[in-house]
Protein chains: 2
Amino acid sequence: MNSNITIYDVAREAAVSMATVSRVVNGNPNVKPSTRKKVQDAIDQLGYRPNAVARGLASKKTTTVGVIVPDISNIFFADLARGIEDVATMYKYNIILCNSDQNPEKEIHLLNTLLGKQVDGIIFMGGRLHEDLVREFKTSPVPIVLAATLNQDYDLPAVNIDYESAAHDAVKSLIDHGHKRIGFITGPLEQQINGEKKFAGYRSALEEANLPFDEQNVVLGNYTYDSGMKAMNQLLELGADCPRAIFAGTDEMALGVIHALQDAGHQVPQDFEVIGHDNTRLATMIRPKLTTVVQPMYDIGAVSMRLLTKILNKEEIETNDVTLPHRIEERDSTRSS
Amino acid sequence: MNSNITIYDVAREAAVSMATVSRVVNGNPNVKPSTRKKVQDAIDQLGYRPNAVARGLASKKTTTVGVIVPDISNIFFADLARGIEDVATMYKYNIILCNSDQNPEKEIHLLNTLLGKQVDGIIFMGGRLHEDLVREFKTSPVPIVLAATLNQDYDLPAVNIDYESAAHDAVKSLIDHGHKRIGFITGPLEQQINGEKKFAGYRSALEEANLPFDEQNVVLGNYTYDSGMKAMNQLLELGADCPRAIFAGTDEMALGVIHALQDAGHQVPQDFEVIGHDNTRLATMIRPKLTTVVQPMYDIGAVSMRLLTKILNKEEIETNDVTLPHRIEERDSTRSS
DNA sequence: ATAGCGAATGAAAACGTTTTACAATGAGGG
DNA sequence: CCCTCATTGTAAAACGTTTTCATTCGCTAT
C-alpha cells in the first residue's frame, strides 16, 4: 500500500521541496509551523513511511545495534537480551540478534556481518575472548561493549559483576555455617569466569578461614542440569570425605545437585547445603528453594546498552568498565544464618 | 580500518569497473576466472566489506527479517527464536528481534518500524491478533508468517500444532488412568489458544468418555509458577471433590501444581497425577519428572522461518497453514499406562 | 580475411534519503 | 527607500551499491 511512497511524493502533495519534507520528518526547527502542518497532513494522508535504508545510507546511521550472544535459548542470555532490548527501544534503536554458540569462527563471522550491515554499535557476550576476535574488536569502526564477559587486560568497555568476590561470599557463607569441606561444581575452567574468577573466590574464602584446599572437592560440569547431577554423584563417592556444602557455578547445575542428593536419600539443607549462582527463575521452582548468588542479568543487559548509547552520543563517561553489585539471596537450600 | 573502502576503491585497485567487482562479490558467473581472481585479491588486500545498507537500497532486499515476540526472556519464546535464527542463518538472513509484551499498540508500532527498516519479511508471535493488526498485516508490502499464533478465519501463513487435539490427548490419557474428575489449569481464556483450543480439547475428551463437565474443576492461571500453585491450592479446597488428575496449560504452571501438592503432603503420581504442556526444559528439572505435551517450540520457529524463505523465494508451497505433530512425553508425574 | 556470435566488461542510471550550498523572501534599520 | 540579515525554501550532490543496456573482445565458421 504505502510501500512505494517516497519523500518526493509527499513533497509534491504538500507543494514543497523534498528537503522541507526531510526537515519536518527529522524535526528540524527551521520550518514555518504552517508549512510543517501542511507537510504533516500530506504524510498522514499518503501514509508515508520513511525508508530507513535510504536514510541509513545518506546519514551513515542505522539506529540499529548488533547483539551477539552464545545462545538465546539459554534463559540467562534471554534475560540479558531483554534488558538490552528494553533500553535500546528507549533510545530508538533496534537490535539484530545473533547466536554464536561460543564458536570463535562464528563470532568473527557474525561481527563482520554486523559491521557490513552498518550497525551503529555492538554488544557482545561470550565465555572466552579469542585473541583474533579482540584484534577485530580493536579495529572496529563502531563501538563494542562486552556484557557479562570478562575483559582481562584488554580495556574494552564492559559491564559485569565481581565474580571473584561473589564466589568468595557464597563460599564464606557456607564456611560460616561450620563446614570444613566445601564442594565446588564449576563450569569449564578455560573460561576465565570459572578458571580465574570464581575459582579464585573459592580458594580465597578457604584460605581466609585457614581451611585446606582439596582438589577432589572441585568437580567439573558444563552448566547443565545433568552435569550437576553427575558431579554431585561423583562427590558422593567420596563417602565420609564428601563435602556437605556445595557451591555450584550455575543454578541449573545446583538443581542437578539437589536432585542427585535427594535421589540418594539425603535431605537439603539438613544433611547438605547447596548454593547456586545467577538467580535464574529456576531458583524458586525447586524444593527446597535455592539459595543463590544473584547476578542481575537483565540489569547487565540494560546497563550495557545504556553504556553503548553513551558512547554513541559522545556523552561523558565515568568509567568504561562498570561493575554491578551482587548479593546472596538466602532461600531454603541453606540453613538460615 | 576498512570501513571506508568502497567498491570503487576495489575497482581501481583491480583495474576493472565497479560493475565487475559487484559481479564477483555477488557470485555472478559471467566473469572470467582470471579477472575474478584479480578482483578477489584486491578485495582481500584492501579488506573490503560490502556495505549492506547501500546494497539494500539498490537491490531492495535487506536479507533481514523482523521477529516480533511477546517476551524473549520467556523460555518458550527464546526457544522459538533460536529455531528462527538458526534457519535464518542457514539462508543468510539476519533477524531484528522485538519484544511486544503483547501490547496491541506496541505490536503495530513495531510492525511499522520493521517495515520502515525494509525487512524482507516478518515472523510474528502473539497471543491475540487485534483486528487493527490484522488489517496492517493484510496490507503489508512484505510477507508475514505467524508462529505459534492462532489465525482464526484470517488466512495468514502460520505454523502451529493442533492445540485442541493435544489437550484432548492429554486429558484422555488421564481419563484412561481411571480418573472421573480432571482438573484443568489454564492460561487466560481471552487467548484463543486457551479459551477455544485447549478448552475444547478438554471438554471433548470429557464428553467422549461420558464424563460430566464441572466448572469448578477449571481454574484460571497466568502461565506462571506461582499461579499454578495458587490454582492447585484452590482446587485442593474442594476437599473430597478435588480432582486427582490435573492438566496444566503450561509446564511452569504444572511445576507450581506439583509443588503445591507436595507442600500439602500429597504424593505425585500416587495420589495425584499431573500433566503439563510445552515440554520446556523445566519438565526434567523437577521430581517427579513431568509428563507433558510436547510442543516443539524450536521446530515451530524453524519451520516458520523456512516457510518465510519459501514465500520470499517464491517456491512452491503446499499449504500456508502448517500443523506440526505433537505427542505426549510420559515421565514420572503420571502413572505409566 | 571476416561476418557473426556469445561471453566478458563497462558506463551510467536508479535506489530514497540527508545534507550542503545557495537563493528567495521578508523584516528592520538607517 | 535601499541595504543588510534572518529566515525559509530550493536544487543538487552525496551515500555505495545493483542493474540495465551497450560495447568490446575473442572465437568459430564461412
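The chains referred to below are lettered A, B, ... by the order of the sequence lines, with proteins before strands, and numbering in each begins at 1. Reckoned from all heavy atoms, side chains included, excluding hydrogens, waters and symmetry mates.
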Starting from [atom2] on [N], measure out to [atom1] on [X] and report it in whole angstrom.
X     : N      : atom1 : atom2 : result
B/K32 : C/dA8  : NZ    : C1'   : 7 Å
A/I5  : C/dC15 : CD1   : C1'   : 17 Å
B/L57 : C/dA14 : CG    : C1'   : 9 Å
B/K61 : C/dG16 : NZ    : P     : 13 Å
A/I43 : C/dT17 : CD1   : C1'   : 13 Å
B/R49 : D/dG16 : CZ    : C1'   : 15 Å
B/N4  : D/dA14 : CG    : P     : 17 Å
B/I7  : D/dT19 : CD1   : P     : 11 Å

For [X], report the nucleic acid contact type (base, sugar-phosphate, nothing); a contact means any heavy atom under 4.0 Å.
X     : answer
B/V16 : sugar-phosphate
A/T6  : sugar-phosphate
A/N51 : sugar-phosphate
B/V25 : nothing

Please pick, from [options], the nucleotide with the shortest atom-to-atom distance to any side-chain atom of [X].
X     : options                : value
B/A19 : D/dG16, C/dT17, C/dG10 : C/dG10
A/T20 : C/dT9, D/dT10, C/dC15  : D/dT10
A/T35 : D/dT18, D/dG9, C/dA8   : D/dG9
A/M18 : C/dC15, C/dA11, C/dT17 : C/dT17

How do B/V21 and A/S59 order along DNA chain D: which one's closest nucleotide is nearer the 5' end? A/S59
For the residue pair A/T63 and B/K117, confirm or rule out a side-chain donor-acceptor distance under 3.5 Å. yes
Is B/R36 atom CZ crowded by more than 12 heavy atoms from other residues, nucleotides or ligands, each under 6.0 Å away? yes
Within the pair A/K60 and D/dA14, is there a side-chain N or O less than 4.0 Å away from OP1 or OP2?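 False: A/K60 side-chain N/O out of range (4.0 Å or more) of D/dA14 OP1/OP2.
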Does C/dT17 have its OP1 or OP2 closer than 4.0 Å to a side-chain nitrogen or oxygen of A/Y48?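 It does, given that an N or O in the side chain of A/Y48 lies less than 4.0 Å from OP1 or OP2 of C/dT17.
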Any donor-acceptor pair under 3.5 Å between the side chain of A/R36 and the base of D/dT8? no
Tell me if the side-chain of B/R23 makes a donor-acceptor pair with the base of C/dG10, cut-off 3.5 Å, by modelled atom types.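 For B/R23, whose side chain was compared with the base of C/dG10, there is a donor-acceptor pair (under 3.5 Å).
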Backbone N/O of B/T149 and side chain of B/N160: donor-acceptor pair under 3.5 Å: yes
Testing the basics here: between B/M305 and B/I84, what is the closest heavy-atom pair and its distance to 0.1 Å? CG-O, 3.6 Å
Ring centroid separation B/F124 to B/F137 under 6.0 Å: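 They qualify: ring centres under 6.0 Å apart.
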Rounded to the nearest 0.5 Å, what separates atom OG in A/S140 from atom CD1 in A/I122?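 Interatomic distance, A/S140 OG to A/I122 CD1, rounded to 0.5 Å: 5.5 Å.
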